[in-house]
Number of protein chains: 2
Amino acid sequence: MTTATAKRSFVRLPREQRMREIEAAAREVFSQRGYDAASMTDIAKRAGVSEGSIYKFYTNKRDLLLTVIRTWYQSMIDEFMEKLSGVEGTRAQLQTVIWQHLKSIKANPDLCRLFFLEVRSADDYFDSDLFHLNRDYTHVLMDIIQGGIDRGEIRPDISIPLVRDMVFGGIEHRVSGFLVNRGDFDHDETANQLTDMVMAGMAAPAKTPNGLEALVERLERVADRFDGPGGGEG
Amino acid sequence: MTTATAKRSFVRLPREQRMREIEAAAREVFSQRGYDAASMTDIAKRAGVSEGSIYKFYTNKRDLLLTVIRTWYQSMIDEFMEKLSGVEGTRAQLQTVIWQHLKSIKANPDLCRLFFLEVRSADDYFDSDLFHLNRDYTHVLMDIIQGGIDRGEIRPDISIPLVRDMVFGGIEHRVSGFLVNRGDFDHDETANQLTDMVMAGMAAPAKTPNGLEALVERLERVADRFDGPGGGEG
DNA sequence: GATATTAGTGAATTTAATTTACCTAGTCTA
DNA sequence: TAGACTAGGTAAATTAAATTCACTAATATC
């Protein structure tokens, strides 16, 4: 029985803590409903705060979304970098990149979708910090390919950005059904097939099998001994 | 000088014609501003009709968008099919598919973007007629690859859907900057590089290692010098 | 010429983001 | 420790845009 004259009272939290709570709520609501269908009312309610409060910390709904995505994306990249360190060899590294990427999608399809649809396709994306994060991320793959070229395993005339686009674009297409809750994809099988396909497409043209040429030359020298000087080349 | 008591009057058009006018206006506004920023007021104004009229023909804004996209997509596919007919050979066909696809993107980047962002990523896409159109379209590429397998030009163990995903996904990534008005892409160069890469990745394994045949011929010439039976191994 | 049908209208309604005017818990300072 | 200042917090007001509604008026048909 609250008296009619009871003063309205509330808990006041430090800025950082309140922001974390709002972002956690926003992440849930955005994930469950998508950007458009998520209402600020829902988010405020779940965060246990009034709608107006959200605007104390974020300029608008989109700013809140970007903050949520940024946090997730950064942690994803951190994990990615850690897993990749220590892997040696072009093929194994490529396989790891692809595998990890697929794993992130499996782990957070809703956030991936938000990133693809709402963030990456916006006009201001190319000026955003998320663009730079993404750039660093995909650059890892390009460095791996460059390494393969340096070691002679990969054709030097290949277009590295094209390979990047085929890998990440191919993955995106492949998982598109999964991202909208239609069907699934086999994580390991996809990674293996994709790695095989890309490695085959990039492979340096086969030289003659190792050492075979030298062996034939020795044979020819043997033959020379039999027919003396002058016999031979035509 | 209209009198104050002039009856309000308007032109009444047959359903089909009015719909075509509204769709033309919608296509312009959606293209210029994108789905969210396009307002029904804008579209109505450009079509020379009141807002309420639009709802006589389309259940809502999204329905109008889908109608616009459907018309464009169908005409694009018609053109595509026509250009492809008469092209022979796995490589040439693949090249044509890729080239035509890039051409469509160059011709209507705004509608492509709407298709990618607003149509293909919606929950109901997989039940829509646009999905089936798209399915037929991408199936053309898969048939080409199957033909290549049948003729022994392509490894039979390749995953055809994966190739489809890498081609269309790769293209989409490659042109993503262009689609948001950042930079351009070289139409022919992209088509050629992509075709090369895919063909190399799918190529049937060479029967004999490259150059081995020539070496064997040299060996045969060596053997010829002995010109007779009894040349034993040493 | 009466009548049914459907194009056409524009104002009213609804829904959701954002603004605004105002409150109050905590902190700093004279 | 009172007073003032800052910043978290609120709820109601405003705005903007899609959608609905009640109504008007061409056109076709009987």
Side-chain angles (χ1 to χ4, degrees), chain A residues 2-26 28-30 32-68 114 118 122 124, chain B residues 2-30 32-68 114 118-119 122 124:
Chain A
T2 54
T3 64
T5 50
K7 272 186 195 171
R8 169 172 57 152
S9 171
F10 48 82
V11 185
R12 185 190 176 115
L13 295 182
R15 185 180 184 82
E16 296 309 319
Q17 187 178 342
R18 181 64 78 193
M19 287 179 82
R20 258 177 282 133
E21 291 187 4
I22 291 174
E23 285 166 31
E28 285 179 39
V29 178
F30 282 140
Q32 281 174 13
R33 327 257 311 231
Y35 181 71
D36 287 334
S39 79
M40 295 300 269
T41 310
D42 284 349
I43 295 170
K45 213 167 275 173
R46 178 146 349 188
V49 95
S50 77
E51 292 177 56
S53 278
I54 300 181
Y55 289 88
K56 279 284 191 299
F57 308 110
Y58 311 93
T59 60
N60 52 32
K61 189 181 176 184
R62 185 172 169 74
D63 180 33
L64 178 55
L65 173 77
L66 286 177
T67 307
V68 168
L114 286 167
E118 306 293 340
D124 56 358
Chain B
T2 55
T3 63
T5 50
K7 272 187 193 169
R8 161 176 63 151
S9 170
F10 48 82
V11 186
R12 184 191 176 114
L13 294 183
R15 186 182 183 81
E16 295 309 319
Q17 187 178 343
R18 180 65 76 194
M19 286 178 82
R20 256 176 283 131
E21 291 186 6
I22 291 173
E23 285 166 32
R27 176 171 166 158
E28 284 179 39
V29 179
F30 281 140
Q32 280 174 14
R33 327 259 308 232
Y35 182 70
D36 287 334
S39 80
M40 294 301 269
T41 308
D42 285 349
I43 295 170
K45 213 167 275 172
R46 177 147 347 190
V49 96
S50 75
E51 291 177 57
S53 278
I54 300 181
Y55 289 90
K56 279 285 190 298
F57 308 111
Y58 311 94
T59 61
N60 52 34
K61 187 180 176 183
R62 185 172 169 73
D63 180 32
L64 178 55
L65 173 77
L66 286 177
T67 306
V68 167
L114 286 167
E118 306 293 341
V119 179
D124 56 359

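Lettering of chains follows the sequences in order, A, B, ..., and the numbering in each one begins at 1.
- In this entry the distance linking CZ of B:R18 with C1' of D:dT27 reads 14 Å, nearest Å.
- Rounded to a whole Å, the CZ atom of B:R12 is 6 Å from the P atom of C:dA7.
- Remark: C1' of D:dG9 and CD1 of A:I22 are 10 Å apart, rounded to the nearest angstrom.
- Looking at heavy atoms from C-beta onward, B:D63 lies out of side-chain contact with B:L65 at the 4.5 angstrom threshold.
- Between the CD1 atom of B:I43 and the C1' atom of D:dA16 there is a distance of 16 Å, given to the nearest Å.
- Going from atom OG of A:S53 over to atom CE of A:M19 covers 12.0 Å, rounded to the nearest 0.5 Å.
- Under 4.0 Å is where a charged nitrogen must lie from a carboxylate oxygen, and between B:R20 and B:E23 no such pair does.
- Rounded to whole Å, atom P of D:dG8 lies 11 Å from atom OH of A:Y58.
- We find that CZ of B:R33 is positioned 14 Å from P of D:dA16, with the value rounded to whole Å.
- Considering only heavy atoms from C-beta on, A:R46 comes within 4.5 Å of A:Q32 through its side chain.
- Atom pair A:D42:CG and C:dT18:P shows a separation of 15 Å (rounding to whole Å applied).
- Using a 4.0 Å cut-off between charged nitrogen and carboxylate oxygen, B:D36 and B:K61 do not count as a salt-bridge pair.
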Return the polar atom pairs (N/O with N/O) between nucleotides 17-21 of chain D and the protein under 3.5 Å, or none.
| residue | atom | partner | partner atom | Å |
| --- | --- | --- | --- | --- |
| D:dA18 | OP1 | B:A38 | O | 3.2 |
| D:dA18 | OP1 | B:K61 | NZ | 2.9 |
| D:dA18 | OP2 | B:M40 | N | 2.9 |
| D:dT19 | OP2 | B:Y55 | OH | 2.9 |
| D:dT19 | OP2 | B:K61 | N | 2.9 |

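- In this structure, B:L13 places its CG atom 15 Å from C1' of C:dT9, rounding to the nearest Å.
- Contact annotation: A:R15 reaches the phosphate of D:dG8 (side-chain N/O to OP1 or OP2, under 4.0 Å).
- Test B:Y55, B:F30, B:F57 against B:L64 for side chain to side chain contact (heavy atoms under 4.5 Å, CB included) and you get one pass: B:F30.
- Contact annotation: B:S50 side-chain N/O to C:dT9 OP1/OP2 distance is under 4.0 Å.
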